[in-house]
Amino acid sequence: MTIEVALVISGLSLAFAVYQGITNLKRNSKHDAKHDATEMTTVIVKLENISSNIAEIKNDFSNTKNDIKGISERLIVAEQSSKQAHKRLDGFEKRLLIIESAEEQKG
């Protein structure tokens with residue numbers, strides 16, 4: 001009878017060990033799934049932040065391009081105005097030379 005009792009106890013121990021193993025496996029599986037979902041959510045949030053930052057950079061770049069275009073247009077206008085001013089100054093210089101030479105001839 002001792003052998004039979006020992007076999008029954010061994011069988012019950014084995015059944016309990018298998019039951020505990022399966023229970024732990026299920027628990028770990030649920031925990032891993034939750035952990036994976038948490039990590040995936042974190043990755044998604046970070047990707048959304050990166051996407052939003054890229055959109056802001058594109059917007060800033062577009063604004064900068066428009067600013068440069070406006071500055072370029074203003075520079076062209078200033079250069080044209082400068083050329084016209086130089087032409088007027090050259091005309092004044094010629095008139096002054098004519099007046100000076102006329103005064104020298106009189107004097």
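Start at 1 with the first residue, then count along the sequence. This is a predicted model, so every value here is computed, not measured.
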Do the ring planes of Phe16 and Tyr19 sit parallel (below 30°), tilted (30 to 60°) or perpendicular (above 60°)?
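It falls in the tilted class, 30° to 60°.
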Can you tell me how far apart [atom1] ([X]) and [atom2] ([Y]) are? Round to the nearest 0.5 Å.
{"X": "Ile76", "Y": "Ile71", "atom1": "CD1", "atom2": "CD1", "value": "12.5 Å"}
{"X": "Thr64", "Y": "Asn59", "atom1": "OG1", "atom2": "CG", "value": "9.5 Å"}
{"X": "Ser101", "Y": "Lys106", "atom1": "OG", "atom2": "NZ", "value": "11.0 Å"}
{"X": "Asp90", "Y": "Lys94", "atom1": "CG", "atom2": "NZ", "value": "6.5 Å"}
{"X": "Arg27", "Y": "Asn24", "atom1": "CZ", "atom2": "CG", "value": "5.0 Å"}
{"X": "Asp60", "Y": "Asp67", "atom1": "CG", "atom2": "CG", "value": "10.5 Å"}

Test Val77 against Glu73 for side-chain contact (heavy atoms from CB on, under 4.5 Å), laying out the working first.
CA-CA 6 Å; Val77 170; Glu73 290 171 356; 5.8 Å; no
Set out, in order, the CA-CA distance, both residues' side-chain angles and the distance that settles side-chain contact (heavy atoms from CB on, under 4.5 Å) for Ser52 and Glu56, then state yes or no.
CA-CA 6 Å; Ser52 133; Glu56 287 179 27; 4.0 Å; yes
Ile3, Leu12: one ILVMFWY side-chain cluster at the under-4.5 Å cut-off?
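Ile3 does not cluster with Leu12.
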Quick check: does any side chain N or O of [X] sit under 3.5 Å from a backbone N or O of [Y], one acting as donor and the other as acceptor?
{"X": "Ser72", "Y": "Ile68", "result": "no"}
{"X": "Thr42", "Y": "Thr38", "result": "yes"}
{"X": "Thr41", "Y": "Ala37", "result": "yes"}
{"X": "Ser10", "Y": "Ala6", "result": "yes"}

So Leu75 and Glu79, do their side chains get closer than 4.5 Å, heavy atoms only?
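With C-beta onward as the side chain, the pair touches.
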